[in-house]
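To start, the structure itself, in structure tokens.
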Amino acid sequence: MDYKKLFDQYLLLVNRFVPKPQAGPVIGIDIGTSSIKAVELGQVAGGLEIRHWAIEPLVGTDTKSALKKISDRLHLNSQLLVSSVFGKGTLIRYVDLPRMSLEDLRKAYIFDLDKYFPFDPKSIYTDCAILDPEGKDKKMSVLLAAVKREIVDERLKLFREAGLDLSRVMINSIATANAFSSLGPKVNASGKAKAVLDIGGSTSCIMIFKDFSPRFTRDIFVGSQELTRKIANALAVDALQAESIKRQPGEKLAQVIEACEMPINNLITEIRLSMDYFMTEKNIQVDELFLGGGGSLLKGIEGVFEKNLGMPVKIWNPLVNARLKSPAASGEIQTYAAQFGVALGLGL
Ligand SMILES: Nc1ncnc2c1ncn2[C@@H]1O[C@H](COP(=O)(O)OP(=O)(O)OP(=O)(O)O)[C@@H](O)[C@H]1O
Ligand SMILES: [Mg+2]
């Protein structure tokens, strides 16, 4: 008797009844300064599906309570949770290094941490990625990321205290890069670079992409809350009223735009510096800017950018290229689409 054949048949039979491990749902949770955004993503034939989503404002409430509300709404228990950190204490470096495997890169660059980051190597968590793994040049483009340990530990603690198990922590801009690469606008390959500006409540982040792969990142500490303050001053109203006027300016639009022009111009100055630096370093011109984040929802903001930056500026809706499961589609997620770039990138 051929026992081997018999055993193989037995294994085949057993395997048919053993449930296959499922790729569990992933939830990206972006904890901003103005609100928490969360999306549950699933893979379906032909693309990505948004199964559930939630947004919780952080005004007048603490982060832990808002996170618990998100957890209740999305029934968080066994899903893989991915969140992010940003701002001071996080750093991304782009460097060219001799081509090697990711495994070798991981072993090699940690000996030079103090060369790449202005932090004590013992005080950070760090990781790296090869941005052109298919490249044939002797040199490869590498992204190195570092985050102060206390920032990640604080994030883990927040989730633990909300009764949640956080699986991964990323940096906001890397999530944005993921989202832009997968769900970015369809643009013609012009050989030129594209830039994305995420305008958050407190912080904005400019990223420059070559062929949808990030090559430059910079945080700018001006956000949409600054616009609210300027509107409050110009129209002599309190912060709450200014926020509501900013969202629905109606016939006050011209006054609102005028009040916001100075902080927007400050942003533009920083962006121009970044683009000039990129041009000098890489010899690639940026020919288009996409705006995302809640700050991009200000009516007419792209016009102000376009006028003062002298290049086409568009609002990036990361939901355009994602499929929505019917209950999610019937919701109002489209209203907040611009704010979901980071959460989507985390889910991806
Ligand atoms: N319809 C709207 N029009 C204008 N501004 C808006 C609108 N909706 C939201 N905003 C502004 O967007 C900002 C919040 O955007 P977002 O959710 O991207 O920020 P965040 O991620 O919480 O902040 P950060 O990234 O700085 O931590 C707020 O300042 C809010 O006033
Ligand atoms: Mg944000």
Side-chain angles (χ1 to χ4, degrees), residues 28-39 53-63 66-67 70 83-90 151 154-155 158 170-180 196-207 217-232 235 237-250 252-253 255-257 259-261 263-264 267 270 290-305 315-319 332-346:
I29 306 178
D30 168 19
I31 303 184
T33 40
S34 299
S35 59
I36 304 183
K37 281 79 61 182
V39 271
W53 65 278
I55 181 164
E56 269 303 320
L58 285 170
V59 185
T61 180
D62 64 290
T63 313
L67 188 57
I70 294 260
S83 189
S84 56
V85 291
F86 66 101
K88 297 204 167 78
T90 68
I151 297 174
E154 197 57 43
R155 185 56 33 110
L158 171 73
M170 295 173 65
I171 296 181
N172 264 18
S173 51
I174 295 179
T176 303
N178 279 349
F180 194 69
V196 175
L197 177 70
D198 175 334
I199 311 173
S202 66
T203 311
S204 300
C205 176
I206 173 93
M207 295 195 85
T217 305
R218 185 154 174 251
D219 283 335
I220 304 163
F221 296 99
V222 177
S224 186
Q225 287 161 6
E226 180 65 19
L227 306 188
T228 310
R229 280 191 285 274
K230 294 288 179 210
I231 295 169
L235 302 184
V237 293
D238 65 26
L240 224 56
Q241 286 170 303
E243 178 71 31
S244 126
I245 294 170
K246 182 175 75 174
R247 288 173 188 236
Q248 282 179 322
K252 295 203 174 80
L253 182 62
Q255 282 169 281
V256 166
I257 293 289
C260 295
E261 206 143 359
I264 293 177
L267 264 177
E270 296 289 338
F290 293 90
L291 303 180
S296 73
L297 294 170
L298 175 72
K299 205 160 183 267
I301 193 169
E302 67 272 40
V304 183
F305 271 90
I315 305 294
W316 170 40
N317 176 348
L319 293 178
E332 42 177 341
I333 189 169
Q334 289 296 347
T335 324
Y336 305 105
Q339 284 170 273
F340 270 85
V342 171
L344 285 163
L346 292 171

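Numbers here are sequence positions counted from 1. Counting starts at 1 for both ligands and their atoms, following the listed order.
- At least one heavy atom of Ser35 sits less than 4.0 Å from an atom of ligand 1.
- Of all the atoms in ligand 1, the ones that sit under 4.0 Å from a non-hydrogen atom of Lys246 are 3 (N), 4 (C), 5 (N), 11 (C), 29 (O), 30 (C), 31 (O).
- Residue Gly295 has at least one heavy-atom neighbour below 4.0 Å for each of these atoms of ligand 1: 12 (O).
- The single protein non-hydrogen atom nearest to atom 28 (C) of ligand 1 is Ser34 OG, 3.7 Å, given as residue, atom name and distance.
- When non-hydrogen atoms are compared, ligand 1 lies under 4.0 Å from the side chain of Glu243 (C-beta onward) but not from its backbone.
- Closest approach of Thr33 to Ser202, counting heavy atoms only: OG1-OG, 3.1 Å.
- Taking Ala66 as the reference, Ile36, Glu56, Leu58, Thr61 meet the side-chain contact (heavy atoms from CB on, under 4.5 Å) condition, with sequence neighbours excluded.
- Atom CG of Leu158 sits about 5.0 Å away from atom CD1 of Ile31, to the nearest 0.5 Å.
- The shortest contact between atom 4 (C) of ligand 1 and any protein heavy atom is with Leu298 N, 3.5 Å.
- Closest heavy-atom approach to atom 26 (O) of ligand 1 among the candidates Gly32, Gly293, Ser202: Ser202.
- Every atom of ligand 1 with a heavy atom of Phe86 under 4.0 Å away is listed here by number and element: 27 (O).
- Any N or O atom pair closer than 3.5 Å counts here, and Gln339 shares at least one such pair with ligand 1.
- For atom 23 (O) of ligand 1, the nearest non-hydrogen atom of the protein is Gly201 N, 2.9 Å.
- The nearest pair of heavy atoms linking Glu243 to Thr228 is OE1-OG1, 3.3 Å.
- If you check which protein heavy atom lies closest to atom 10 (N) of ligand 1, you get Gly294 O, 3.4 Å.
- Minimum interatomic distance between Leu298 and Ile257 (heavy atoms only, all atoms of both residues): CD2-CD1, 4.4 Å.
- Closest heavy-atom approach to atom 3 (N) of ligand 1 among the candidates Val59, Leu297, Ile31: Leu297.
- Looking only at protein heavy atoms, the nearest one to atom 29 (O) of ligand 1 is Ser224 CB, 3.3 Å.
- Near Thr33, with a cut-off below 4.0 Å to any heavy atom, the atoms of ligand 1 are 20 (P), 22 (O), 23 (O), 24 (P), 26 (O), 27 (O).
- A pairwise comparison of heavy atoms in Gln339 and Ser35 identifies NE2-OG, 3.9 Å as the closest pair.
- Put simply, the side chain of Lys246 gets close to the backbone of Ser224: a donor and an acceptor are under 3.5 Å apart.
- Atom CD1 of Ile199 and atom CD of Glu226 lie 13.0 Å apart (nearest 0.5 Å).
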Just do the side chain to side chain contact (heavy atoms under 4.5 Å, CB included) check on Trp53 and Leu319 with the steps written out, would you?
CA-CA 12 Å; Trp53 65 278; Leu319 293 178; over 6 Å; no
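- Scanning all heavy atoms of the two residues, the minimum distance from Ile315 to Ser296 falls at CD1-O, 3.4 Å.
- For Lys37, every heavy-atom contact with ligand 1 shorter than 4.0 Å involves the side chain, none the backbone.
- Each of the following atoms of ligand 1 lies closer than 4.0 Å to a heavy atom of Gly200: 18 (O), 19 (O), 23 (O), 24 (P), 25 (O), 26 (O).
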